[in-house]
Undergrad: 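The structure under discussion is supplied below as structure tokens; questions concerning it will follow.
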Amino acid sequence: MSQQGVTPQSEDYSKWYTDVVLKSNLADYAPVRGCMIIKPYGYELWENIKAELDKRFKATGHQNAYFPLFIPMSFLQKEAEHVEGFSPELAVVTIGGGEKLEEPLVVRPTSETVIGHTFSQWVQSYRDLPLLINQWANVVRWEMRTRLFLRTTEFLWQEGHTAHETYEEAQEETLRMLEIYEDFAVNEAAIPVIKGRKSNQEKFAGADASYTIEGMMGNKWALQMGTSHNLGQNFARVFDIKYLDKKNEQQYCWTTSWGVSTRMVGAIIMAHGDDKGLRLPPRIAPIQVVLVPIYKNEEEKARVMHVVGRVADSLLAVRIRLHVDDREELTPGFKFNDWEMRGVPLRMEIGPKDVTNETIALARRDIPGKEGKQIVPQEGIIATVMRLLNEIQHGMLRQARTFRDANLHEVEDYEGLKRVADDGWALMWHCGTAECERRVQEETKASSRCFPLDLNKEEKPKDARCAVCGKPAQGKAYFARAY
RNA sequence: CGGGGCGUGGCGCAGUCGGCUAGCGCGCUGCGUUUGGGACGCAGAGGUCGUCGGUUCAAGUCCGACCGCCCCGACCA
């Protein structure tokens with residue numbers, strides 16, 4: 001790298017983001033436009049995200065399976081809204097083995113259709129329900145403009161697909177998975193999120209209702225970090241997913257789908273990163289602790305490395321993800337900066353003084369400068385590290401929440417919305433109509449994010465009117481600049 | 001697709017009133033000295049100047065076309 005560090009956020013947030021992704025070794029541009037190469041460090045982060053989500057899916061009775069990458073074009077065309085929504089961004093295969101194909105194959109942009117087709121064969125009776133399936137896969141959407149992790153032509157994700165006997169069960173599932181996403185975001189990624197329902201305009205093509213978790217990024221823009229859809233009987237009808245109920249009558253199933261993608265990595269970068277680079281929450285960080293040995297000569301090296309080895313072994317033994325940076329050609333100072341840029345939550349230094357005093361120097365990534373440093377005894381280091389990692393995890397969530405809450409504003413009218421539109425999120429009564437949302441987006445660049453579930457529980461006042469157009473309000477909605 | 005910027009060793013750039021062996025910083029290799037907040041010295045390796053065509057005694061430099069990338073807007077997890 002020619003220059004050290006990353007572009008400051010205040011100078012150019014978007015440049016900062018790209019710098020962080022490239023310089024912290026998460027990913028790189030690929031030779032194909034809009035595609036990326038996820039490097040080992042970035043992939044390990046994704047694997048940790050994946051493991052935590054997968055654990056939660058299994059715990060709620062879901063099973064993993066795998067469906068094909070290629071989908072017959074005719075499948076997509078069965079659901080009118082679905083095909084209309086996706087056709088502009090499809091990659092289509094027309095030649096196979098040198099021969100023009102009878103029917104073009106779509107590279108999956110999502111799998112509702114193939115899975116719908118399959119479900120129709122798997123489901124016969126109410127005894128087969130609920131059917132709870134998830135798949136980890138790559139998908140392709142031909143986007144006009146791409147950004148590393150946030151929107152790439154090909155991305156990795158998880159898509160859950162379920163079928164149920166009743167609308168209520170499907171709705172329950174839809175919200176259960178939304179809560180799992182929230183739980184992951186808050187407790188693993190340390191990002192507070194707002195759960196809400198998408199407006200008609202923003203919902204998934206083919207869904208009856210879409211739900212979202214929205215997170216606030218460092219520039220106060222919103223990012224949809226996960227979605228969950230109640231698909232009603234839309235896909236059941238076109239793919240003939242039917243079951244025989246207890247009264248021996250044929251019924252259409254109620255289906256759901258839900259997904260989280262590698263975009264989550266982008267969320268983590270932008271919700272926590274600072275001018276020094278990445279900051280990773282300990283629970284999902286590929287490296288939780290980096291240990292930098294310090295010595296001047298062979299004699300010191302021998303003494304230091306002896307202690308380094310002992311400390312490293314003890315931490316590794318209790319599954320702490322520790323990395324010893326024993327590169328000889330770099331100075332400790334360089335390593336400190338390097339690992340800070342790469343977001344490692346906790347740094348340990350062991351030098352001659354520590355060998356003599358039986359201590360270890362620690363530096364927290366979440367607290368900059370001297371404040372975040374301390375010298376601790378080698379004795380009891382496991383407990384110390386575990387405690388600190390836990391504190392860092394909670395500290396990061398607290399910081400993100402304080403920032404987020406400081407930038408949420410309730411507004412009474414359109415003027416109020418305009419005032420906060422490019423510097424935070426605006427909560428207001430909203431009619432939910434397409435015209436209104438289009439107007440707001442054109443005039444303020446802010447788009448409707450969601451009707452937050454928590455804030456729309458109570459009966460709304462009879463005279464609640466849209467803050468922008470004055471028509472009867474559907475509920476309270478957040479508007480914000482969004483990725 | 002519209003607006004803006006840019007293509008020169010791995011990365012960041014200079015060189016562009018045409019002129020001789022195409023430079024600089026970082027990185028890389030070797031050796032030595034260094035090492036508690038981005039070390040230093042010496043010796044090296046590495047470039048069909050985005051592509052194609054034109055003008056010229058001579059093109060990184062001028063002209064034309066094309067290709068690609070990045071940023072800002074219209075579609076989306």
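A note on names: the letters A, B, ... follow the listed sequences, proteins ahead of strands, and every chain is numbered from 1.
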Undergrad: Quick one: on RNA chain B, does A:Ser14 or A:Arg263 contact a more 5' nucleotide (nearest heavy atom)?
TA: A:Ser14
Undergrad: Does A:Thr331 contact B:A39 through a side-chain donor or acceptor facing the base, at a distance under 3.5 Å?
TA: no
Undergrad: Can you tell me how far P in B:A14 sits from the matching atom in B:C6, rounded to whole Å?
TA: 9 Å
Undergrad: Is A:Lys296 side chain donor-acceptor paired with the B:G36 base, going by distance under 3.5 Å alone?
TA: no
Undergrad: Can you tell me, in whole Å, how much space there is between the C1' of B:U16 and that of B:A59?
TA: 11 Å
Undergrad: Can you measure A:Gln441 atom CD to B:G73 atom P for me and round it to whole angstrom units?
TA: 11 Å
Undergrad: So what does A:Asn297 touch, heavy atoms closer than 4.0 Å: a base, only the sugar-phosphate, or nothing?
TA: nothing
Undergrad: Could you tell me the separation between the NZ atom of A:Lys445 and the P atom of B:G73, rounded to a whole number of Å?
TA: 6 Å
Undergrad: Under 4.0 Å, heavy atoms only, any strand: does A:Thr262 hit a base, just the sugar-phosphate, or nothing?
TA: nothing
Undergrad: If you draw the axis of the six-membered ring of A:Phe336, does the NZ or CZ of A:Arg347 fall within 45° of it and under 6.0 Å from the ring centre?
TA: yes
Undergrad: Would you measure the distance from the C1' atom in B:C17 across to the matching atom in B:C62 and give it in whole Å?
TA: 11 Å
Undergrad: Could you measure between the two C1' atoms, the one in B:G12 and the one in B:C28, and give it in whole Å?
TA: 15 Å
Undergrad: Salt bridge or not for A:Arg438 and A:Glu442, using N-O below 4.0 Å?
TA: no
Undergrad: Within this structure, what is the CH2-to-P distance between A:Trp16 and B:C71, rounded to whole angstrom?
TA: 15 Å
Undergrad: Send over the distance from A:Tyr29 OH to B:C69 C1', rounded to a whole Å.
TA: 9 Å
Undergrad: Between B:G60 and B:A22, how far is it from one P atom to the other, in whole Å?
TA: 10 Å
Undergrad: Pick base, sugar-phosphate or nothing for A:Lys353, based on heavy-atom distances below 4.0 Å to the nucleic acid.
TA: base
Undergrad: Anything below 3.5 Å on both distances counts as a pair; with that, list the stems of at least three consecutive Watson-Crick or G-U pairs involving RNA chain B.
TA: B:1-7 with B:67-73, B:10-13 with B:23-26, B:28-33 with B:39-44, B:50-54 with B:62-66
Undergrad: Please classify the nucleic acid contact of A:Gly351 as base, sugar-phosphate, or nothing, using heavy-atom distances under 4.0 Å.
TA: base
Undergrad: How is A:Glu340 classified with respect to the nucleic acid when contacts are heavy atoms under 4.0 Å: base, sugar-phosphate, or nothing?
TA: base
Undergrad: Please determine, for the side chain of A:Arg141, which listed nucleotide (B:C76, B:C71, B:G38) has the closest atom?
TA: B:C76
Undergrad: Using distance alone, with no hydrogens and no angle criterion, decide if A:Thr174 and A:Ser228 have a side-chain donor and acceptor under 3.5 Å apart.
TA: no
Undergrad: In whole Å, what is the span from the NZ atom of A:Lys15 to the P atom of B:G4?
TA: 22 Å
Undergrad: Mind running a 4.0 Å heavy-atom check of residues 147-160 of chain A against RNA chain B and sending the residues that fall below it, in number order?
TA: A:Leu150, A:Arg151, A:Thr152, A:Phe155
Undergrad: Are more than 12 heavy atoms, taken from residues, nucleotides or ligands other than A:Glu379, located less than 6.0 Å from that residue's CD atom?
TA: no
Undergrad: Let's see if you get this right: which residues in residues 182-216 of chain A place a heavy atom under 4.0 Å from RNA chain B?
TA: none
Undergrad: Check the pair A:Phe204, A:His82 against ring-ring contact (aromatic ring centres under 6.0 Å, His included), reporting the backbone distance first and the verdict last.
TA: CA-CA 8 Å; A:Phe204 177 74; A:His82 193 63; 5.6 Å; yes
Undergrad: Quick one: which of A:Lys296, A:Lys301, A:Arg303 gives a salt bridge (Lys or Arg N to Asp or Glu O under 4.0 Å) with A:Glu299?
TA: A:Arg303
Undergrad: May I ask you to decide if A:Trp425's main-chain N or O and A:Asn407's side chain share a donor-acceptor pair within less than 3.5 Å?
TA: no
Undergrad: What nucleotide, of B:A77, B:G36, B:G37, holds the atom closest to the side chain of A:Glu143?
TA: B:A77
Undergrad: Between A:Met225 and A:Met144, name the one whose nearest nucleotide on RNA chain B is closer to the 5' end.
TA: A:Met144
Undergrad: Anything under 30° is parallel, anything over 60° is perpendicular, the rest tilted; go ahead and classify A:Trp157 against A:Phe155.
TA: perpendicular
Undergrad: Measure from the side-chain N and O atoms of A:Glu358 to the backbone N and O of A:Gln378, and report whether any donor-acceptor pair falls under 3.5 Å.
TA: no
Undergrad: In whole angstroms, how far is the P atom of B:G5 from the CG atom of A:Asp12?
TA: 17 Å
Undergrad: For the side chain of A:Phe334, counting heavy atoms from C-beta on, which of B:G36, B:C71, B:G38 is nearest?
TA: B:G38
Undergrad: Does A:Arg147 count as lying over the ring of A:Tyr483, i.e. NZ or CZ under 6.0 Å from the six-ring centre, within 45 degrees of the axis?
TA: no
Undergrad: Side chain of A:Lys373, heavy atoms from C-beta onward: which of B:G36, B:G37, B:A77 has the nearest atom to it?
TA: B:G37
Undergrad: Checking the side chain of A:Arg263 only, and the main-chain atoms of A:Gln224 only, is there a donor and an acceptor separated by less than 3.5 Å?
TA: yes
Undergrad: Can you find a donor-acceptor pair, distance only, under 3.5 Å between A:Asp354 side chain and B:G36 base?
TA: yes
Undergrad: Please report the distance, rounded to the nearest Å, between CZ in A:Arg327 and C1' in B:G38.
TA: 12 Å
Undergrad: So A:Trp258 and A:Phe57, ring-ring contact (aromatic ring centres under 6.0 Å, His included) or not? Walk me through it.
TA: CA-CA 11 Å; A:Trp258 26 275; A:Phe57 300 156; 5.1 Å; yes
Undergrad: Considering residues, nucleotides and ligands other than A:Trp142, do more than 12 of their heavy atoms fall under 6.0 Å from its CH2?
TA: no
Undergrad: Between B:C63 and B:U56, how far is it from one C1' atom to the other, in whole Å?
TA: 12 Å
Undergrad: When you compare B:C1 with B:C75, how far apart are their C1' atoms, in angstrom units rounded to a whole number?
TA: 12 Å
Undergrad: On a whole-Å scale, what distance lies between the C1' atoms belonging to B:G25 and B:G38?
TA: 15 Å
Undergrad: Between A:Arg481 and B:G73, is there a contact of a side-chain N or O with OP1 or OP2 at under 4.0 Å?
TA: yes
Undergrad: Please determine, by modelled atom types, if A:Ser210 and A:His229 share a side-chain donor-acceptor pair under 3.5 angstrom.
TA: yes
Undergrad: Is A:Arg279 reaching over with its side chain to a backbone N or O of A:His272, donor-acceptor style, under 3.5 angstrom?
TA: yes
Undergrad: Quick check for you: among B:G38, B:G36, B:C76, whose closest atom lies nearest to any side-chain atom of A:Asn337?
TA: B:G38
Undergrad: Which part of the nucleic acid, if any, lies within contact of A:Arg347, taking any heavy atom under 4.0 Å across all strands shown: a base, the sugar-phosphate backbone alone, or nothing?
TA: base
Undergrad: Under 4.0 Å, heavy atoms only, any strand: does A:Arg449 hit a base, just the sugar-phosphate, or nothing?
TA: nothing
Undergrad: Using atom CD of A:Glu328 as one end and atom P of B:U33 as the other, report the distance to the nearest whole Å.
TA: 13 Å
